[in-house]
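Questions regarding the structure given below will be posed in turn.
Position 1 is the first residue of the sequence, and the numbers go up from there. Treat the numbers as computed from the prediction; the structure is a model and nothing was measured.
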Amino acid sequence: MTDKLTHHHLVAEEINDEHGRALLLTQQDGIEEPHSVLVHPWQLRAVCQQFGIIASDQQAAKTIATLQRRMQGLRARIDAITDWMTQHSDHRHADLTYEVTQLQALQDLASEWCAEFEETEQPLDKPSGFSMGNPQATHEEKSEKPTAGQLAFHV
């Protein structure tokens, strides 16, 4: 790691003095003497957070929670349309192979993206969709739901 950064007329250097680690910011303004200020890294971080240059931990947590909620909502909608396609679509009279394949891919992506969210935040009434490994489904429920192969078969 380098301990000096030059960006246009600003030079930032990491130094250690009798008070510990600090950053020396020096900026040349025309032909006059350069202006310097010595700041602790935490001071610089606080200034950047105050003016929105970097997110504070509280802001980051709020953003993460919002994104998790949106991803879970998207996954719920994907699961709902997948469930509708398996239960109510006209797969006996139309070739829906492409649509089913795309829904399976979307469902797989949504499940992967939401896999690491806390278990308590996931919706409990999630439709099973194309998942044939639902241990709570009875044999009749499993046989009523068409598989992707069954959906591809049409008359």
Side-chain angles (χ1 to χ4, degrees), residues 1-14 16 20-25 27 37 39-155:
M1 180 175 116
T2 180
D3 55 353
K4 185 174 185 177
L5 168 75
T6 303
H7 184 72
H8 298 287
H9 298 286
L10 176 68
V11 177
E13 296 178 80
E14 183 177 17
N16 285 309
R21 186 172 158 229
L23 300 171
L24 177 63
L25 304 175
Q27 184 159 10
V37 63
V39 295
H40 188 274
W42 286 103
Q43 289 174 311
L44 184 59
R45 180 182 178 96
V47 168
C48 290
Q49 286 177 349
Q50 176 66 30
F51 294 105
I53 297 169
I54 60 172
S56 67
D57 291 339
Q58 184 179 16
Q59 289 171 320
K62 183 178 178 183
T63 301
I64 289 168
T66 299
L67 292 173
Q68 281 182 340
R69 187 182 72 250
R70 290 176 181 171
M71 288 293 299
Q72 289 171 336
L74 178 62
R75 183 180 63 183
R77 287 179 181 249
I78 291 169
D79 288 341
I81 195 168
T82 301
D83 188 56
W84 185 88
M85 285 288 290
T86 60
Q87 300 295 325
H88 307 290
S89 66
D90 190 16
H91 57 272
R92 290 187 181 98
H93 299 100
D95 183 7
L96 300 175
T97 306
Y98 177 79
E99 290 83 358
V100 169
T101 303
Q102 294 302 313
L103 279 172
Q104 282 179 313
L106 283 173
Q107 193 174 38
D108 289 345
L109 284 173
S111 294
E112 175 62 28
W113 292 339
C114 296
E116 294 180 6
F117 297 160
E118 291 182 11
E119 192 69 29
T120 58
E121 294 179 11
Q122 293 182 4
L124 299 176
D125 56 346
K126 182 184 88 150
S128 61
F130 288 106
S131 174
M132 297 308 288
N134 183 358
Q136 296 174 345
T138 65
H139 178 68
E140 293 80 20
E141 288 174 334
K142 288 182 182 178
S143 62
E144 288 175 8
K145 293 181 183 178
T147 64
Q150 291 169 330
L151 289 174
F153 177 78
H154 55 91
V155 179

Notebook entry, point to check: If you take all heavy atoms of A110 and I78, which pair is closest and at what distance?
Noted result: CB-CD1, 3.9 Å

Next item on the list: Check whether more than 12 heavy atoms from other residues, nucleotides or ligands sit under 6.0 Å from atom NE2 of H7, and answer yes or no.
Entry: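 Incorrect, the count does not exceed 12.
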
Check: Taking E13 as the fixed residue, which of L24, T6, L23 is the one that meets the side-chain contact (heavy atoms from CB on, under 4.5 Å) rule?
Finding: L24

Item checked: L103 side, atom CG; D108 side, atom CG - distance, nearest 0.5 Å ->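 It comes to 10.5 Å.
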
Check: Could you state the interatomic distance from CG (L44) to CD1 (I54), rounded to the nearest 0.5 Å?
Finding: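 That separation rounds to 8.0 Å.
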
Check: Nearest 0.5 Å, what's the CZ-CG distance between R21 and D3?
Finding: 10.5 Å

Next item on the list: Find the distance between OG1 (T101) and CG (L96) and round it off to the nearest 0.5 Å.
Entry: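 Interatomic distance, T101 OG1 to L96 CG, rounded to 0.5 Å: 10.0 Å.
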
Notebook entry, point to check: Nearest heavy-atom pair of P41 and A22: which atoms, and what distance?
Noted result: CD-CA, 4.2 Å

Margin query: Is it the case that atom NE2 in H9 sees more than 12 heavy atoms from other parts of the structure closer than 6.0 Å?
Written below: no

Next item on the list: Quick one: closest heavy-atom pair of C114 and R75, and the distance?
Entry: CB-NH1, 3.3 Å

Next item on the list: Nearest 0.5 Å please: distance from the CG atom of D90 over to the CE atom of M85.
Entry: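 Separation between the atoms: 10.0 Å.
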
Notebook entry, point to check: Do Q107 and D79 touch side chain to side chain, with heavy atoms closer than 4.5 Å?
Noted result: yes

Next item on the list: Can you establish whether the number of heavy atoms outside I81 located under 6.0 Å from its atom CD1 is more than 12?
Entry: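 Counting neighbours around CD1 of I81, 12 or fewer heavy atoms of other residues, nucleotides or ligands fall under 6.0 Å, so no.
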
Notebook entry, point to check: Any donor-acceptor pair under 3.5 Å linking the side chain of T86 with the backbone of D83?
Noted result: yes

